[in-house]
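As structure tokens, the structure follows; a few thoughts come after it.
Just so you know, these numbers come straight off a predicted model, no measurement behind them.
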Amino acid sequence: MNPSYVEKRVKEILTQQMGDAAPKEINNRMLLSYLEFAELTVTELVMQFEEEFEMELQVEEFNKCVIVQDLIDLITGD
């Protein structure tokens, strides 16, 4: 999987999910907790990432990610 594509799509999906509350730019070092996703939103995000990247991803795995780069690494398998 192309890491730059994954990075771009992860940021786009996070931004779309946040809507008007999205920061101007989501960077790789940004804390996922800063983005403050509700529990239902996390489930929706996990489902979106599973569909986008054709993989299985558990909510627990998502919740272990501290920064955006952790999520990117989880998806790319790094």
Side-chain angles (χ1 to χ4, degrees):
M1 207 175 305
N2 180 330
S4 61
Y5 171 78
V6 171
E7 178 180 345
K8 177 182 177 228
R9 285 300 296 144
V10 163
K11 291 176 181 179
E12 288 173 352
I13 291 168
L14 292 173
T15 300
Q16 288 170 353
Q17 191 65 42
M18 293 190 70
D20 293 338
K24 192 172 189 175
E25 179 184 338
I26 293 178
N27 65 56
N28 292 14
R29 305 300 304 164
M30 186 171 285
L31 293 170
L32 287 170
S33 60
Y34 170 77
L35 302 177
E36 297 181 355
F37 294 113
E39 193 171 326
L40 179 59
T41 304
V42 169
T43 303
E44 291 171 358
L45 279 170
V46 167
M47 290 173 25
Q48 281 186 284
F49 290 131
E50 286 180 326
E51 185 176 321
E52 176 73 28
F53 301 112
E54 299 176 354
M55 63 178 294
E56 272 192 45
L57 179 65
Q58 301 297 318
V59 171
E60 295 79 22
E61 293 173 313
F62 178 91
N63 287 333
K64 288 180 184 177
C65 295
V66 176
I67 59 174
V68 173
Q69 185 63 49
D70 294 338
L71 179 57
I72 295 166
D73 290 346
L74 177 64
I75 293 169
T76 60
D78 288 345

Starting at CG of D70, measure out to CD1 of I75 and round the result to the nearest 0.5 Å. 11.0 Å
Can you measure from CG (N63) to CD (E39) and round to the nearest 0.5 angstrom? 8.0 Å
Nearest heavy atoms of M30 and E25, plus distance in Å: CE-O, 3.4 Å
Beyond-backbone contact of L35 with P23, side-chain heavy atoms, under 4.5 angstrom: yes
Can E36 and M18 be said to form a side-chain contact (heavy atoms from CB on, under 4.5 Å), step by step? CA-CA 9 Å; E36 297 181 355; M18 293 190 70; over 6 Å; no
NZ (K8) and CD (E12) are apart, to the nearest 0.5 Å, by 4.5 Å
From CA spacing to verdict: side-chain contact (heavy atoms from CB on, under 4.5 Å), T43, V59: CA-CA 6 Å; T43 303; V59 171; 4.2 Å; yes
Distance in Å, C65 SG paired with L31 CG, rounded so as to fall on 0.5 Å steps: 12.0 Å
For the pair V68 and N27, evaluate side-chain contact (heavy atoms from CB on, under 4.5 Å) and give the outcome as yes or no after the intermediate values. CA-CA 7 Å; V68 173; N27 65 56; over 6 Å; no
Just by distance, do the side chain of T76 and the backbone of I72 share a donor-acceptor pair under 3.5 Å? yes
Is there a side-chain contact (heavy atoms from CB on, under 4.5 Å) between I67 and N28? Walk through the geometry before answering. CA-CA 7 Å; I67 59 174; N28 292 14; over 6 Å; no
Going only through I, L, V, M, F, W and Y residues with side-chain contacts under 4.5 Å, is there a path from Y34 to L74? yes
Inter-residue atom distance Q58.CD - E50.CD, 0.5 Å rounding: 7.0 Å
Going by an N to O cut-off under 4.0 Å, is there a salt bridge joining K64 and E61? no
Any side-chain heavy-atom pair from K11 and L14 closer than 4.5 angstrom? no
Provide the closest heavy-atom pair for F49 versus M55 in the form atom of the first, atom of the second, distance. O-CG, 4.2 Å
Using 0.5 Å steps for rounding, measure from the CG atom of L45 to the CD atom of E52. 12.5 Å
Is I13 linked to M47 within one hydrophobic cluster, defined over Ile, Leu, Val, Met, Phe, Trp and Tyr using a side-chain heavy-atom separation of less than 4.5 Å? no
Relative to each other, are the rings of F53 and Y5 parallel, tilted or perpendicular (30° and 60° limits)? perpendicular
